[in-house]
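Everything on this sheet refers to the single structure shown next.
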Amino acid sequence: MKVKPVQMVRTGWGRCVIVAILCLLVATVACDDRSESRVVSAPPVETQQPIKQAKWEIKTHPSAAVRQFTKREKHRVRAEKPKLKQLVRDVYDVLFLPSLVRQQVIRERFTPRAAAALLASGTGISDRLSDVKTTLRRAHIGIGAATVRQAAAQIWLHARATAGDKKVRIVHRSTLWLEKTGGRWKAIAFEVKQRPAA
Amino acid sequence: MIKRASALIVFVALVTGLVLNVGPRAATETAPIAIGRVHEQWQPHQGKIYVLVIGSDARNGNPNLRADAIHIAGINTDNMRGGILNIPRDSWVNIPGYGSAKINEALHLGGPELLARTLEDLTHIRLDLWAVVGFEGFQKIIKDVGPIPIHIRRPIYDPGGSGANINAGDRRLASDDALAFVRTRKAFAGGDVTRTTNQARFLLAMLHKLRSDVAERPTELLKWIAIAREHARMDISPQEMFRLAVITSQVKPPDIDNVTVPVRLGFVGAASVVFIRPGAEAMYRHFRKYASF
């Protein structure tokens, strides 16, 4: 099943939602397998403009129906936690970095369609901003306990920056829909709200 | 009759689970909820997904399955709009291989696959998936996801039929009341036509709850999927189900049209039936082209 990604720009969120994107990807398993076949190790993250980053607060939890989790489920979920935390760190450590660095990591951690949609979305920071400093980095990751192949992550990022002689506050919230195929987690879809946009 | 409302694939999205290679007939007989493919290849055409949602009268002691609720839900992923086409169960149609009969007979005669084929012949819409939900499965899902908020336009009192006794206004229907609401027919002047429209309204209400749950906490989607997985058997993969659920959770209920096929009452012999009016053709065409109305 292959469905075009959908992008949606909202005008709500207080008075000034600048960018909000929803990207939904539905691809065939075959298509995913193809995308997974070119798995490479994560590129080194280097930037010419290192920014001060706030400490990560990442919580993970199994997600299931109303029943209790089995020991096996707990064990399997525990095994996936570090991988999912790393994915979130990889993506959001570079979100406010120059576009070249961002592109590399996003292409690595998203399915091809989702990566293209995110890169086209205006998420991140504008080149005119300087002295970027993140002040909050928080993520909640829920892992489907039954299959341990699907997860959802909610991420909050706050940052401060300077545009000329003006101070800018950036507020970013996003949701990632994550799937494990070919032994590797990737974001298949996302929803982003950020103000101001890049 | 076109009303803003609804959304339904939630039902399907609600349901996710193991890949069990059981035949559709077997699935409907052994699980409170069953989901399957209409065709071997599930390859939605041009971003449109169509799901046949069947509410059956399956319950303890009733081995003869008939469809009490028949809906085709469509989502167009290009614009994230959709529609629900409601088909009254007494519609007099041609059932492939069996001749003319009430459409709800198709489930009994050949399972959800035959009902899907009947609807494909009728509407020329290529269906992707079917989902059959019995009384028990419906109640279990509502019990696990929690009461569904819905606006009841008029008091519903049907002690001799569905057992409904629901006051008008904004209500949160728990499993018993929810089942009574979607089953009530005799309390309405419009009978089965009103019932089928109400069923779609209820699906919309479920979608609304799913969306609000997911907006608050995205991981709620995984919970809904897990709940469905607990009660369903299906022959689509958990991955496909997850993606379908993600899509469904992003469709806004006001962007889904709730449409009931226009019919007129009639008789075939002594049997009371409804005949689908010729105007339905245009409806099918539009739905086929846009997955909405």
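Numbered from 1 within each chain, the chains take letters A, B, ... in sequence-line order.
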Distance (rounded to the nearest 0.5 Å) between [X] [atom1] and [Y] [atom2]:
| X | Y | atom1 | atom2 | answer |
| --- | --- | --- | --- | --- |
| Gln250(B) | Thr175(A) | CD | OG1 | 8.0 Å |
| Gln150(A) | Gln239(B) | CD | CD | 7.5 Å |
| Ile247(B) | Trp177(A) | CD1 | CH2 | 12.0 Å |

Could you list the donor-acceptor pairs under 3.5 angstrom formed by side chains in residues 285-293 of chain B, with sequence neighbours left out?
| from | atom 1 | to | atom 2 | distance (Å) |
| --- | --- | --- | --- | --- |
| His286(B) | ND1 | Ser292(B) | O | 3.1 |
| Arg288(B) | NH1 | Thr123(B) | O | 2.8 |

Measuring heavy-atom distances to chain B, does His140(A) have an atom under 4.5 Å in its side chain, in its backbone, in both, or in neither? neither
Counting only heavy atoms closer than 4.5 Å, note whether Ile143(A) contacts chain B via side chain, backbone, both or neither.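 Contact with chain B involves the backbone of Ile143(A) alone.
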Would you find more than 12 non-hydrogen atoms of other residues, nucleotides or ligands less than 6.0 Å from [X] atom [atom1]?
| X | atom1 | answer |
| --- | --- | --- |
| Lys83(A) | NZ | yes |
| Lys133(A) | NZ | no |
| Arg37(B) | CZ | yes |
| Arg160(A) | CZ | no |
| His75(A) | NE2 | no |

Closest heavy-atom pair and its distance - Gln154(A), Ala215(B):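 Looking at all heavy atoms of both residues, the closest pair is NE2-O, 4.3 Å.
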Which atom of Ala151(A) lies closest to which atom of Leu222(B), heavy atoms considered: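 Scanning both residues, the minimum pair turns out to be CA-CD1, 3.9 Å.
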Check whether any side-chain heavy atom of Ile188(A) lies under 4.5 Å from a side-chain heavy atom of Phe242(B), and answer yes or no. yes
Would a distance-only check, ignoring hydrogens and angles, find a side-chain to backbone donor-acceptor pair under 3.5 Å from Thr219(B) to Ala152(A)?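 No.
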